[in-house]
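Have a look at the structure below, then the notes.
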Amino acid sequence: GVTIIILEAMALTFLFKTFPESRFVLAYVWGVGILALCTSRYCIYWVEMNVLKRGFGARNALIIGGKQLGQDLAEIMVQIPNLRYRNIGTLEEKEPETIHFHLRNKLNYLGRPDQYKKIIREQSIHSIFVTNTHIIEFDKILEYTKKQGVEIYKISEDATYLQSMAVLREFDGLPFVRFNRQNSNYLALILKRVFDVLFSLFSLILMVPILIPIMLWIKTVSPNGPIF
């Protein structure tokens with residue numbers, strides 16, 4: 001937005017003499033505008049992150065499964081607050097003996113998985129993440145959360161593969177997991193690059209009949225000044 005405004009103002013300098021004669025002034029204004037915009041966005045981001053870290057504007061999340069995957073998920077919620085999920089706690093058969101480094105003093109063990117109804121009511125849970133389907137009857141919890149208006153996420157059974165070598169793909173609404181991706185076709189990449197360069201040169205040649213009259217008109221209107 002700042003760049004477009006400055007370009008428009010620069011174009012007006014050729015029509016109205018009230019604008020500053022040196023176009024470098026506009027360049028300075030552009031630089032200050034970009035700096036001010038970046039600074040303001042950073043301040044907004046900093047305020048937003050601190051607000052989210054305190055739980056304001058985040059959805060209360062319950063994790064069912066406190067082992068490796070469950071702690072990985074809790075760690076992500078703690079370290080990336082702009083996901084807007086606040087980890088209320090974890091349900092597991094027993095309290096985990098080994099806890100991730102970033103979750104020390106932050107992993108809240110709430111009890112066994114069969115206590116999920118009580119936790120949902122008492123903690124005002126908005127979202128449930130099931131990372132261990134072997135410790136709970138998923139059909140029952142799915143039916144209960146549907147009645148309570150609580151969204152639920154179930155991790156794929158192929159999670160161990162998805163972390164390293166698989167990608168989720170969708171084909172017209174049908175979900176698939178892709179394994180063993182083929183290596184990129186380097187010839188196709190080279191041809192694409194060649195096409196991009198040739199197309200750019202062709203576009204510049206087409207613009208020459210438009211650019212030359214504009215340059216001549218600028219020189220006529222402002223004979224003592226630079227074309228740009």
(request) Would you indicate whether the side-chain heavy atoms of L91 and I119 approach each other to under 4.5 Å? (result) yes

(request) Check for a donor-acceptor pair, side chain of H126 on one end and backbone N or O of R59 on the other, with a separation under 3.5 Å. (result) no

(message) Would you compute the distance between atom NZ of K117 and atom CD of Q148 and round it to the nearest 0.5 angstrom?
(response) 9.0 Å

(message) Is there a path of hydrophobic side-chain contacts, each under 4.5 Å between heavy atoms, that joins Y144 and I88?
(response) yes

(request) Output yes when R112 and E93 qualify as a salt bridge under the 4.0 Å nitrogen-oxygen rule, no when they do not. (result) yes

(request) Without swapping roles, check the side chain of Q71 against the backbone of T98 for a donor-acceptor pair under 3.5 Å. (result) yes

(message) Quick check for you: to the nearest 0.5 Å, what is the distance between I136 atom CD1 and H134 atom NE2?
(response) 13.0 Å

(request) Decide whether I141 and L62 are clustered together by the hydrophobic rule: side chain heavy atoms of Ile, Leu, Val, Met, Phe, Trp, Tyr closer than 4.5 Å, transitively. (result) yes

(request) Inspect the surroundings of CD in E48 and state if more than 12 heavy atoms from other residues, nucleotides or ligands are less than 6.0 Å away. (result) yes

(request) Say whether, by atom type as modelled, one donor and one acceptor occur between the side chain of N87 and the main chain of A74 under 3.5 angstrom. (result) no

(request) Over all heavy atoms of both residues, which pair between I125 and V150 is shortest? Give the atoms and the distance, please. (result) O-CG2, 3.5 Å

(request) State, with a plain yes or no, whether a side-chain heavy atom of Q115 is found less than 4.5 Å away from one of L110. (result) no

(request) Please work out whether the ring planes of Y85 and Y153 are parallel, tilted or perpendicular, with thresholds of 30° and 60°. (result) perpendicular

(request) Please report the closest heavy-atom contact between G66 and E92, naming both atoms and the distance. (result) N-OE1, 2.7 Å

(message) Do K140 and Y116 make a side-chain contact, defined as non-hydrogen atoms from C-beta onward lying under 4.5 Å apart?
(response) yes

(message) Using 0.5 Å steps for rounding, measure from the CG atom of L198 to the CZ atom of R193.
(response) 10.5 Å

(message) Tell me whether V78 shares a hydrophobic cluster with I63, the cluster being built from Ile, Leu, Val, Met, Phe, Trp, Tyr side chains joined at under 4.5 Å.
(response) no

(request) Using the rule that two of Ile, Leu, Val, Met, Phe, Trp, Tyr join whenever any of their side-chain heavy atoms come within less than 4.5 Å, decide whether F129 and L107 are in one cluster. (result) no

(message) So L83 and I80, do their side chains get closer than 4.5 Å, heavy atoms only?
(response) yes

(message) Using the rule that Ile, Leu, Val, Met, Phe, Trp and Tyr join whenever any side-chain heavy atoms are under 4.5 Å apart, tell me whether Y109 and I99 fall into a single cluster.
(response) no

(message) Looking at T90 and I64, would you say the former's side chain and the latter's main chain have a donor-acceptor pair under 3.5 Å?
(response) no

(message) Between E151 and K146 (salt bridge meaning N to carboxylate O under 4.0 Å), is one present in this structure?
(response) no

(message) Would you call the rings of Y45 and Y42 parallel, tilted or perpendicular, taking 30° and 60° as the class edges?
(response) tilted

